Amino acid sequence: MALPYQELGVNLPAAIAQATDRQAAMFRAVTTLKEALPHYSWVGIYVLEGEELVLGPYLGKPSPHTRIPLNRGICGAAASRKATIVVDDVNSDLRYLACSIETRSEIVVPILLGDLVLGEIDIDSDQPAAFTAADRALLERVAAALAEQMRPRRT
Ligand code: SME
């Protein structure tokens, strides 16, 4: 199946698979998405460490939410449910933790290896209801590619 969004200019899942390590893979995902898609106002990846989501690479305004417990925010909800959450109007969602007053909508896509949560892709938009089925399909493919790069390895 073709990837949504020709504007990406690259096959992002393939580029992630070719990255040298997980850090490079996460940076590649964040920079490509932020640069290619103007409705993505803030793009970041949280990595699950114990019971907290810890902010990794991101582009956009600095967020006060650098560590989010699993029982807080839309981020915590998506990781706990192990499912994508799309919020068309963040101001009417009681779970929402604000990062910028301009933000109107959000999508959070867990990075899953089977049943194991490794982290998540979090994207905010300054436009209401900015995220469609195309965004979800793209980001779930990107998350699957990231999961392979973030796979825990035995040392
Ligand atoms: N809005 C998120 C918090 C992260 S900031 O948007 C970067 C939430 O509600 O979990």
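As the structure lists them, so they are numbered: ligands from 1, and atoms in each ligand from 1. Just so it is clear, the structure is predicted and the values come from calculations on it, not from any experiment.
Close to ligand 1: Tyr46, with a non-hydrogen atom less than 4.0 angstrom away.
With ligand atoms numbered from 1 in the order given, ligand 1 contributes 4 (C), 5 (S), 6 (O), 7 (C) to contacts under 4.0 Å with heavy atoms of Asp122. Near Tyr96, the atoms of ligand 1 lying under 4.0 angstrom from a non-hydrogen atom of the residue are 1 (N), 9 (O). Atoms of ligand 1 found under 4.0 Å from any heavy atom of Asp124, numbered from 1 in the order shown, are 6 (O). Near Ser63, with a cut-off below 4.0 Å to any heavy atom, the atoms of ligand 1 are 5 (S), 7 (C).
Taking any N or O of Ile68, backbone or side chain, none lies under 3.5 Å from an N or O belonging to ligand 1. Between Glu106 and ligand 1, at least one N/O pair is under 3.5 Å apart. In terms of polar-atom proximity, Ile74 is counted as a contact of ligand 1, with an N or O under 3.5 Å from an N or O of the ligand.
Comment: Arg104 does not engage Asp89 in a salt bridge, judged by the lack of any side-chain N to carboxylate O separation of less than 4.0 angstrom.
At the top of the distance list for atom 5 (S) of ligand 1, counting protein heavy atoms only, stands Cys99 CB, 3.4 Å. Among all protein heavy atoms, the one lying closest to atom 9 (O) of ligand 1 is Leu97 N, 2.8 Å.
A donor-acceptor distance shorter than 3.5 angstrom exists from the side chain of Ser105 to the backbone of Ala130, with no hydrogens or angles considered. Without hydrogens or angle criteria, Lys82 side chain to Asp115 main chain gives a donor-acceptor distance under 3.5 Å. Here the side chain of Ser63 pairs no donor or acceptor atom with the backbone of Cys99 at under 3.5 angstrom.
Contacts of Arg72 with ligand 1, taken as heavy-atom pairs under 4.0 Å, are absent altogether. Residue contacts with ligand 1, taken as heavy atom pairs separated by less than 4.0 Å, do not involve Tyr58 at all.
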> What's the verdict on side-chain hydrogen bond (donor to acceptor under 3.5 Å, both in side chains) for Glu140 and Thr84, showing C-alpha distance, side-chain angles and the deciding distance?
Replying inline: CA-CA 8 Å; Glu140 289 180 352; Thr84 297; 2.5 Å; yes
> Please walk me through it: do Thr32 and Arg28 pass side-chain hydrogen bond (donor to acceptor under 3.5 Å, both in side chains)?
Replying inline: CA-CA 6 Å; Thr32 300; Arg28 183 65 199 259; 3.2 Å; yes
>> Assess the residue pair His39 and Asp126 against the criterion (side-chain hydrogen bond (donor to acceptor under 3.5 Å, both in side chains)); give the C-alpha distance rounded to whole Å, side-chain angles, the decisive distance to 0.1 Å, and a yes or no.
In response: CA-CA 7 Å; His39 62 301; Asp126 295 350; over 6 Å; no
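Between Phe27 and Tyr58, the ring centre distance reaches or exceeds 6.0 Å.
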